[in-house]
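Right, one structure below, let's go through it.
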Amino acid sequence: MVFGKGNSNNHSNPKDQCFLTWRNMLKRCYSSEQKYKNYKKQEIVVCDEWLDFLTFKSWYDRNFYRVDNEEMNLDKDILCHGNKMYCPEYCIFVPKRINTLFVRSRNRRGDLPIGVYRGKECFISSCSVNGKNVKDKHKDQISAFLRYKEIKEKHVKEIANQYKGKIPQRLYEAMIMFEVKIDD
């Protein structure tokens, strides 16, 4: 498959970070590689204008920033919860540490709410906070989910405040307003 409209080879360097970001975004959405199957299953796409490398590069040059020496990721759904399209309106660069806060791992948990798994005779809420797993036992999956939600939302707000002034204001505000939904 050829990614992008027009000839990107005349305007891009395969080692250039902008080009790599663009290529990897396209691969996630359109590659037949097994590791990207969830993107297809969730019907995640790239907007038409970003299929053109030069258009994406123009947006990238205006929006890319660094936070110290952290790896930066292109994110599509922190600003707009549940967004399924890479596009200029909803994408933003985020430090990898922030991006990993929003991984949902639907396949691993099956039909249970996010942050919940079955114990022998209970449901367990489980949330990673600063590399430590915070777990609690509950009689039902709803109370387990509500505990996970409480811990996760508090943690996201704490991280937002640690990055305040280093990240774009709209990212900070999205993190402060973040709500875990039972169907995440």
Side-chain angles (χ1 to χ4, degrees), residues 1-108 114 128 152-153 155-157 159-181 183-184:
M1 172 176 199
V2 175
F3 293 120
K5 296 178 183 175
N7 186 353
S8 65
N9 292 333
N10 293 334
H11 307 289
S12 61
N13 174 347
K15 295 181 180 177
D16 176 66
Q17 191 59 47
C18 174
F19 179 77
L20 292 172
T21 301
W22 177 73
R23 186 191 66 192
N24 290 336
M25 170 186 67
L26 292 170
K27 281 176 76 173
R28 283 191 295 275
C29 295
Y30 304 115
S31 173
S32 59
E33 291 179 52
Q34 184 68 18
K35 66 181 177 179
Y36 302 119
K37 70 179 181 176
N38 286 331
Y39 279 79
K40 280 193 188 231
K41 187 177 178 181
Q42 294 176 47
E43 300 178 340
I44 297 170
V45 297
V46 176
C47 69
D48 288 343
E49 66 187 282
W50 276 9
L51 295 175
D52 177 70
F53 174 70
L54 290 180
T55 303
F56 177 79
K57 182 175 180 356
S58 177
W59 178 88
Y60 180 101
D61 290 342
R62 289 189 315 275
N63 290 277
F64 186 80
Y65 67 99
R66 286 233 173 256
V67 174
D68 303 322
N69 291 322
E70 294 190 52
E71 180 180 332
M72 301 299 287
N73 297 153
L74 178 64
D75 183 85
K76 67 172 173 31
D77 54 6
I78 293 174
L79 296 180
C80 181
H81 196 94
N83 178 46
K84 294 182 181 279
M85 180 182 289
Y86 284 94
C87 62
E89 295 82 13
Y90 301 124
C91 284
I92 193 164
F93 287 101
V94 301
K96 184 176 182 176
R97 180 178 179 214
I98 289 175
N99 205 26
T100 58
L101 291 172
F102 297 93
V103 173
R104 295 189 179 99
S105 304
R106 284 188 183 115
N107 293 341
R108 282 191 268 162
I114 189 168
S128 178
K152 185 69 168 192
E153 289 174 359
H155 183 56
V156 169
K157 287 170 181 55
I159 298 297
N161 285 320
Q162 289 174 16
Y163 280 86
K164 188 174 184 175
K166 296 180 181 181
I167 58 176
Q169 185 64 22
R170 66 189 193 136
L171 174 56
Y172 173 79
E173 290 171 5
M175 292 174 71
I176 291 297
M177 300 301 293
F178 172 71
E179 287 187 44
V180 177
K181 297 183 172 129
D183 60 348
D184 277 344

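All values below were derived from every heavy atom in this structure, side-chain atoms included, with hydrogens, water molecules and symmetry-related copies excluded.
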To the nearest 0.5 Å, what is the distance between [atom1] on [X] and [atom2] on [Y]?
X      : Y      : atom1 : atom2 : result
Leu51  : Leu26  : CG    : CG    : 6.5 Å
Ser32  : Lys40  : OG    : NZ    : 6.0 Å
Lys84  : Gln42  : NZ    : CD    : 5.0 Å
Ile159 : Lys164 : CD1   : NZ    : 15.0 Å
Asn24  : Tyr36  : CG    : OH    : 6.0 Å
Met175 : Glu153 : CE    : CD    : 12.5 Å

Do [X] and [Y] have side chains that get closer than 4.5 Å, going by heavy atoms?
X      : Y      : result
Asn63  : Ile92  : no
Leu171 : Tyr163 : no
Glu89  : Leu79  : no
Met85  : Lys76  : no
Asn99  : Ile78  : yes
Glu49  : Trp59  : no
Cys18  : Phe64  : no
His81  : Phe178 : yes

Please determine if Lys96 and Glu70 form a salt bridge, counting it only when a charged side-chain N lies under 4.0 Å from a carboxylate O.
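No.
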Between Lys166 and Asp68, is there a salt bridge with N-O shorter than 4.0 Å?
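Salt bridge present between Asp68 and Lys166.
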Go through the steps for Leu74 and Phe56 under the test side chain to side chain contact (heavy atoms under 4.5 Å, CB included), then give the verdict.
CA-CA 12 Å; Leu74 178 64; Phe56 177 79; 4.1 Å; yes
Hey, do the aromatic rings of Phe19 and Phe53 have their centres closer than 6.0 Å?
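So the answer is yes for these two rings.
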Please confirm whether Tyr39 and Tyr30 have ring centers closer than 6.0 angstrom.
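When the ring centroids of Tyr39 and Tyr30 are compared, they turn out to be at least 6.0 Å apart.
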Using only atom types and a distance under 3.5 Å, with no angle test, would you say the side chain of [X] pairs donor to acceptor with the backbone of [Y]?
X      : Y      : result
Trp50  : Lys57  : no
Asp77  : Cys80  : no
Tyr86  : Cys91  : no
Thr100 : Arg97  : yes
Lys152 : Leu101 : yes
Asn73  : Val94  : no

Decide yes or no on side chain to side chain contact (heavy atoms under 4.5 Å, CB included) for Val67 and Tyr65, but give the supporting numbers first.
CA-CA 7 Å; Val67 174; Tyr65 67 99; 3.5 Å; yes
Step by step, work out the side chain to side chain contact (heavy atoms under 4.5 Å, CB included) result for Ile167 and Phe93.
CA-CA 9 Å; Ile167 58 176; Phe93 287 101; over 6 Å; no
Is a side-chain donor-acceptor pair under 3.5 Å present for Tyr90 with Asp75?
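Their side chains do not contain a donor-acceptor pair, so the 3.5 Å distance test is not met.
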How about Gln169: does its CD atom have over 12 heavy atoms from other parts shown lying under 6.0 Å from it?
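Result for CD/Gln169: enclosed.
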For atom NZ of Lys157, decide whether the heavy atoms of other residues, nucleotides or ligands shown that lie under 6.0 angstrom number more than 12.
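Yes - once you tally the heavy atoms of other residues, nucleotides and ligands closer than 6.0 Å, there are more than 12.
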